[in-house]
Amino acid sequence: MTNQFFVAVVGAGPAGLFGARELANQGARVALFNRDMKPGGLAEYGIYPAKHSMKDGLRKQFRQIMDLADIEYYGNVSVGSQGDLTLDELRALGFDAILVTAGAQGTKSLGLPGEELEGVYHAKDVVYFYNHLPPYSQKSFRFGKRCAIIGAGNVMVDIARHLIDVQKADEVTAIVRRGPAEVNFTKDEMKHLISYLDLDEFEREMTRVGPALQAIHQDPEIGRHKILDALAKADSRTENTKFRFDFLASPVGMHGENGRMTKLEVEDNILIERDGKTSAKGTGNRRMIDMDTVIFAIGDRVDESFGLPTEWNEFIKAREPRFPVDGLSYESTVEGVFVGGWSRKASDGLVGYARKDGINASKAVWQYLQTKQPGGANLDAVLEKLKGLDKPIVMKDDIKKLEAVEIVEAQKRGLEEFKFDNNEEMLRAIGLMQTA
Ligand SMILES: Cc1cc2nc3c(=O)[nH]c(=O)nc-3n(C[C@H](O)[C@H](O)[C@H](O)COP(=O)(O)OP(=O)(O)OC[C@H]3O[C@@H](n4cnc5c(N)ncnc54)[C@H](O)[C@@H]3O)c2cc1C
Ligand SMILES: NC(=O)c1ccc[n+]([C@@H]2O[C@H](COP(=O)([O-])OP(=O)(O)OC[C@H]3O[C@@H](n4cnc5c(N)ncnc54)[C@H](OP(=O)(O)O)[C@@H]3O)[C@@H](O)[C@H]2O)c1
């Protein structure tokens, strides 16, 4: 029996990777289980593909973490009640603690009529698709000429960019339930999109929603600035697409013909002030908008089938944590199981925040470990269990091989970056699957 603690970390996105490094630095051994073959989570499969230098910078940091001797990596292994290993099976391996950093993999569905129609999608699926994450990379999407995106966060901006740059949509409309002052994207992201904004139409829309802003004594200049300040550093236009905002509108249903979406129905809202917060309230007035595609970019929720109790969009945390860090609870309601990053708070913040949250979650885990003796988990038992799964497990050296092959492919094709977009090709590149 060793005197080193052995911790399972589930999910190798920024929170899991930086959390694993923190645990290794403290002296623990870590087994990092990851659903995707490659590590990185949304840093690899979420961040907009054109952000090459940001993605490369993060990959370099992730490689350094993966090189740490006390971290084992098991890619292509999902944990959960519908995964390769259940949480109970993981616990039965005797890990001293489990840190769940599996992101927010559930979908926030609004349960609207017409959600089953072709042309109705959720942001995560679309984002995984254009970032080449299997199996989403192989799904078919119908991006038509007229596309709507529900929401006004940075994910909306990313998706609008994809619809314009890659899918060559004619019109992209952001459907925003509140007003221009409540949009949630940053100027730094909006600068990539703003040159497509039809400025005449924007002013007409500002006039249309003027009375609703006036009713709560809101200066329209606040919203105008929040959006138009991005013009100063706008990327230049390369396509003829028109981008527009439809403010104070909530989706209430999708209509279609022959299984395909043709119209989006929205309800108009007014703004109300409640508890110091500006909220949207439906007026009952409904409108139909001709639309081929709608994408819900309204944030995600954690995976309810994971095996931890959930409430709203999140795993339930201990309300009176034994090991709080910065006043926050990282403890699930199951003894020895902790949560960090987007698994602690779904769809919250940037990579830097997930990194800090993963580290803090590990600090909570480490405090917990100080109350115990190292238990019986050992590497051989973990490997034996993984062997029994009868599927290829992608380990550290395999990731190195895969990255090397992808670099050569990118050079051959004259691309800045190349990614295999299906598991079979990745496994062949690594040598874990025979060439047909
Ligand atoms: C579209 C989009 C664009 C973004 N762009 C930026 C940006 O430009 N800049 C920025 O700073 N931030 C950006 N962010 C935010 C950033 O990506 C997140 O803050 C961060 O990735 C969250 O980290 P995480 O580790 O908590 O979760 P994730 O990054 O989601 O990682 C979760 C990991 O868990 C694994 N996993 C999932 N389920 C399981 C399971 N059941 N078993 C085992 N493993 C599992 C996944 O394979 C994945 O590796 C963006 C987010 C989105 C959605
Ligand atoms: N480039 C980047 O840096 C980048 C890129 C992508 C994502 N991210 C980060 O990732 C995180 C998640 O981004 P996000 O865009 O998904 O989330 P977000 O910023 O919270 O935006 C979600 C949007 O959806 C709207 N919404 C939520 N529920 C709704 C409903 N039921 N009906 C209609 N609209 C609804 C919200 O409106 P209300 O405001 O009215 O709730 C908001 O406009 C953020 O921290 C973001 O900054 C960063």
Side-chain angles (χ1 to χ4, degrees), residues 8-19 32-51 54-55 58 62 74-87 90 100-106 108-110 112 123-124 126-128 130-131 133 149-159 161-162 174-179 182-186 188-190 192 249-252 266 269 271 277-280 296-300 302-303 305-307 313 339-355 357-358 361:
V9 175
V10 180
L17 286 159
F18 287 107
L32 187 48
F33 299 90
N34 198 40
R35 177 199 65 191
D36 308 334
M37 291 195 180
K38 280 192 194 176
L42 286 166
E44 179 65 40
Y45 293 115
I47 292 179
Y48 199 67
K51 292 185 176 176
M54 183 188 193
K55 286 191 154 190
L58 287 165
F62 298 159
Y74 307 116
N76 201 29
V77 181
S78 63
V79 175
S81 63
Q82 279 148 35
D84 300 310
L85 292 174
T86 65
L87 197 54
L90 206 56
V100 179
T101 47
Q105 307 301 334
K108 237 169 141 188
S109 160
L110 298 184
L112 302 179
K124 181 158 37 61
V126 173
V127 164
Y128 280 162
Y130 68 63
N131 270 294
L133 174 66
I149 310 168
I150 312 296
N154 282 329
V155 172
M156 179 282 286
V157 176
D158 278 3
I159 289 177
R161 287 178 74 186
H162 174 78
I175 310 280
V176 185
R177 67 173 164 187
R178 295 191 285 161
E182 288 82 34
V183 294
N184 208 26
F185 46 75
T186 51
D188 254 6
E189 297 310 314
M190 196 43 167
H192 301 300
S250 290
V252 288
V266 298
N269 297 326
L271 290 172
K277 199 176 169 267
T278 307
S279 305
F296 288 82
I298 59 175
D300 296 309
V302 296
D303 175 7
S305 72
F306 187 80
N313 301 320
V339 292
W342 281 23
S343 282
R344 185 185 65 76
K345 189 125 186 52
S347 295
D348 193 31
L350 302 180
V351 166
Y353 187 78
R355 167 194 167 128
D357 209 64

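Predicted model only: the values in this text are computed from it and were never measured. Numbering of ligands and ligand atoms starts at 1, following listing order.
Atoms CD1 and CG, from I47 and L58 in turn, are 5.5 Å apart once rounded to the nearest 0.5 Å. Note that CE of M37 is 10.5 Å distant from CG of L133, once rounded to the nearest 0.5 Å. Summarising the geometry, atom CD belonging to Q105 is positioned 3.5 Å from atom OH belonging to Y128; distances are rounded to the nearest 0.5 Å. Distance check: L271 CG to T278 OG1 gives 6.5 Å after rounding to the nearest 0.5 Å.
In terms of polar-atom proximity, E189 is counted as a contact of ligand 2, with an N or O under 3.5 Å from an N or O of the ligand. Considering backbone and side-chain atoms alike, K108 places every N or O at 3.5 Å or more from each N or O of ligand 2. For the pair L110 and ligand 2, the shortest N or O to N or O distance does not fall below 3.5 Å.
Among protein residues, V10, G11, A12, G13, P14, A15, F33, N34, R35, D36, G41, L42, G46, I47, K51, M54, V77, S78, V79, T101, A102, G103, Q105, V127, V155, D158, F306, G341, W342, G349, L350, V351, A354 come within 4.0 Å of ligand 1, judged on heavy atoms.
Here the heavy atom of the protein found nearest to atom 48 (C) of ligand 2 is L350 CD2, 3.4 Å. Nearest protein heavy-atom contact of atom 46 (C) of ligand 2 is N154 ND2, 4.0 Å. Of the protein's non-hydrogen atoms, N184 ND2, 2.7 Å is the one closest to atom 19 (O) of ligand 2. Of all protein heavy atoms, the one lying nearest to atom 32 (N) of ligand 2 is R177 NH1, 3.8 Å. In terms of protein heavy-atom proximity, atom 22 (C) of ligand 2 is nearest to A297 O, 3.8 Å. In this structure, atom 39 (O) of ligand 2 lies nearest to the protein heavy atom R178 NH2, 2.8 Å. In this structure, the protein non-hydrogen atom closest to atom 25 (C) of ligand 2 is G151 CA, 3.9 Å. The protein heavy atom nearest to atom 7 (C) of ligand 2 is V155 CG2, 3.5 Å.
For N269, the side-chain contact (heavy atoms from CB on, under 4.5 Å) test picks out R177, L248, S250, A280, with sequence neighbours left out.
No donor-acceptor pair closer than 3.5 Å links the side chain of S305 to the backbone N or O of S81. Looking at R344, its side chain never comes within 3.5 Å of a backbone N or O of D357 through a donor-acceptor pair. Not one N or O on the side chain of D36 forms a donor-acceptor pair closer than 3.5 Å with the backbone of G41. When atom types are taken as modelled, the side chain of W342 and the backbone of A102 share no donor-acceptor pair closer than 3.5 angstrom.
With distances taken over non-hydrogen atoms, the option nearest atom 10 (O) of ligand 2 out of F185, W342, Y48, F296 is W342. Distances from atom 24 (O) of ligand 2 to the heavy atoms of D300, I298, L112 show the closest one on I298.
Closest approach of D300 to A346, counting heavy atoms only: O-CB, 3.4 Å. Taking both residues in full, the closest heavy atoms of V155 and A123 are given as CG1-CB, 3.8 Å, listed atom of the first, atom of the second, then distance. Taking both residues in full, the closest heavy atoms of I149 and A297 are given as CG2-CB, 3.8 Å, listed atom of the first, atom of the second, then distance. When every heavy atom of P49 is checked against every heavy atom of K55, the shortest pair comes out as CA-NZ, 4.2 Å.
Of the options T101, L32, N34, a side chain to side chain contact (heavy atoms under 4.5 Å, CB included) to L17 is made by L32 and by none of the others.
By the definition of a contact as any protein heavy atom under 4.0 Å away, atom 14 (P) of ligand 2 is in contact.
Using cut-offs of 30° and 60° for the angle between ring planes, the Y130 and Y48 rings count as perpendicular.
If you number the atoms of ligand 2 from 1 as listed, the ones under 4.0 Å from a heavy atom of S347 come out as 11 (C), 12 (C). Within ligand 2, counting atoms from 1 as listed, the ones closer than 4.0 Å to a heavy atom of G299 are 16 (O). Shown in contact with A152 at under 4.0 Å from a heavy atom are these atoms of ligand 2, numbered in order with element: 23 (C), 42 (C), 43 (O).
Of all the heavy atoms of V183, none lies under 4.0 Å from any atom of ligand 2, so neither backbone nor side chain is involved. The proximity of M190 to ligand 2, defined as any non-hydrogen pair under 4.0 Å, does not occur for either the backbone or the side chain.
Look at G349 and you'll find a heavy atom under 4.0 Å from some atom of ligand 2.
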